[in-house]
There are 2 protein chains.
Amino acid sequence: MVRWEPGTRERLQAAAMDLYVSRGFERTTVAEIAQAVGLTERTFFRHFADKREVLFGGQELLEQAFVDGVAAAAPDASPLAMVESALSAAAGFFPAERRSHSRQRQTIIAANPALQERELLKMAALAAVVAAALRARGVPEASATLAAESGVTVFGVAFVKWLAEGEQRSFLDIEREVLGELVAMAAGAA
Amino acid sequence: MVRWEPGTRERLQAAAMDLYVSRGFERTTVAEIAQAVGLTERTFFRHFADKREVLFGGQELLEQAFVDGVAAAAPDASPLAMVESALSAAAGFFPAERRSHSRQRQTIIAANPALQERELLKMAALAAVVAAALRARGVPEASATLAAESGVTVFGVAFVKWLAEGEQRSFLDIEREVLGELVAMAAGAA
DNA sequence: GAAAGCGATGTCAGTGACTGACGTCAGTGA
DNA sequence: TCACTGACGTCAGTCACTGACATCGCTTTC
């Protein structure tokens with residue numbers, strides 16, 4: 001008999017999601033989450049920096065996908081083409097099966113400014129690593145920042161659309177549509 | 001003799017800035033801030049929702065400037081032209097005299113993820129009201145969101161540039177430059 | 001001009017997030 | 001065998017934030 005069940009982190013995440021859904025984020029206590037999986041509040045904080053972070057696992061993987069996408073773009077690609085490649089790479093993270101889970105998560109976040117703050121921070125971090133990846137490919141500072149920020153904006157807008165009721169298209173298709181709209185908008189003002 | 005000194009809110013803001021600079025944000029207590037102006041912790045929380053909010057006064061005024069800017073754009077202006085108008089209107093908030101103060105504030109924020117989160121939330125709120133203003137002028141949903149987000153991105157990038165050491169140009173000039181770069185980047189991919 | 005009400009503040013007693021120090025104990029390797 | 005490690009528990013403490021209630025100059029009302 002093992003001393004501790006494996007997958008502590010994952011069990012805490014699942015319990016937190018459940019409780020955030022049923023009681024709401026603010027009305028659930030870290031002690032309750034820990035208790036739900038037979039652990040202590042102190043142990044929760046050994047796995048997650050804070051009560052919000054438990055909803056934001058996998059950030060590093062998403063960042064890596066974006067970075068890999070930038071690296072995979074054609075040698076002579078424009079900054080925006082590199083971003084497009086990154087968006088394509090990230091689309092793999094959101095297959096149709098994941099929509100239900102993502103929707104539930106997004107509902108929780110939408111109900112709490114504190115969680116929105118954390119999400120915005122994650123998106124900002126994402127933009128920062130994408131900008132760094134672009135700079136590593138020789139894109140000048142200003143363009144890199146703008147392209148990265150725009151890319152993350154497209155990602156965010158596409159994500160919300162993907163979650164919309166009745167939406168049937170793949171995440172990738174929606175990303176492409178939104179990116180096209182952005183380019184069209186900017187082109188109209190050139 | 002009056003019972004209370006006037007300008008409580010402003011005095012709290014000033015004391016908070018001072019302490020955040022000298023001791024750092026995390027190492028200063030709300031009780032200390034209140035004490036510094038002869039008040040109680042409880043009173044601090046009657047003026048500010050939390051310890052971070054004290055650094056983010058004047059948000060409504062900035063939002064209003066953006067909204068007014070959108071409204072002031074030419075009747076046949078494109079979404080991006082409306083955003084440009086909004087950026088121009090906002091530039092009035094950042095005359096050269098304010099750079100020193102803004103720089104100090106930005107240094108505090110840059111040192112604390114919790115404060116960055118709050119700033120990002122404020123920028124997201126700004127984007128939301130700009131998007132609403134664009135929609136009110138007939139811009140379709142998707143374009144409004146993208147144009148607003150792009151505008152706020154330009155604003156943020158321009159703000160950082162404006163604060164850079166050795167930068168001499170006006171905030172408005174920098175905004176225009178950054179917006180131009182964004183349009184050029186998007187146009188290059190059209 | 002006394003009484004009533006208002007508004008900004010103080011006081012006090014919480015709750016809950018988060019931290020540091022230290023103890024526990026099954027498994028692991030020398 | 002035994003030292004050591006890693007994941008967890010226990011405990012005490014700090015601090016952000018909240019609700020309920022008291023205080024008391026000032027203003028309004030009759």
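Chain letters run A, B, ... following the sequence lines, proteins first, then strands; residues in each count from 1. Keep in mind the model is a prediction, meaning the values are calculated, not measured.
Taking a cutoff of 4.0 Å between a charged side-chain nitrogen and a carboxylate oxygen, B/Arg105 and B/Glu119 qualify as a salt bridge. A salt bridge does not link A/Glu175 to A/Arg169: none of the charged side-chain nitrogens sits closer than 4.0 Å to a carboxylate oxygen. Ion pair A/Arg52/B/Glu117 flagged as a salt bridge, since at least one NZ, NE, NH1 or NH2 atom sits closer than 4.0 Å to an Asp/Glu carboxylate oxygen. Under 4.0 Å is where a charged nitrogen must lie from a carboxylate oxygen, and between B/Glu167 and B/Arg99 no such pair does.
Aromatic ring orientation, B/Phe171 versus B/Trp162: perpendicular (interplanar angle above 60°, classes split at 30° and 60°).
The nearest whole Å value for the distance from the CG atom in A/Asn112 to the P atom in C/dA17 is 13 Å. Rounded to an integer number of Å, the gap from A/Leu12 CG to C/dA17 C1' is 16 Å. Following rounding to the nearest Å, B/Glu26 (CD) and C/dA17 (C1') show an atom-to-atom distance of 14 Å.
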Dot-bracket notation for DNA chain C, counting Watson-Crick and G-U pairs under 3.5 Å, with | for partners on another strand: ||||||||||||||||||||||||||||||

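The phosphate of D/dA7 has neither OP1 nor OP2 within less than 4.0 Å of any side-chain N or O from A/Thr8.
The side-chain heavy atoms of B/Leu39 and B/Phe44, taken from C-beta on, include no pair separated by under 4.5 Å.
Within residues 32-52 of chain A, the residues that have a heavy atom under 4.0 Å from DNA chain D are, in order of number, A/Gly38, A/Leu39, A/Thr40, A/Arg42, A/Thr43, A/Arg46, A/His47.
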Salt bridge (charged side-chain N to carboxylate O under 4.0 Å, His left out) evaluation trace for A/Lys122 with A/Glu53: CA-CA 10 Å; A/Lys122 296 295 186 184; A/Glu53 197 64 20; 2.6 Å; yes

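Legend: side chain to side chain donor-acceptor pair (under 3.5 Å) pairs involving residues 83-95 of chain B, not counting sequence neighbours: none detected.
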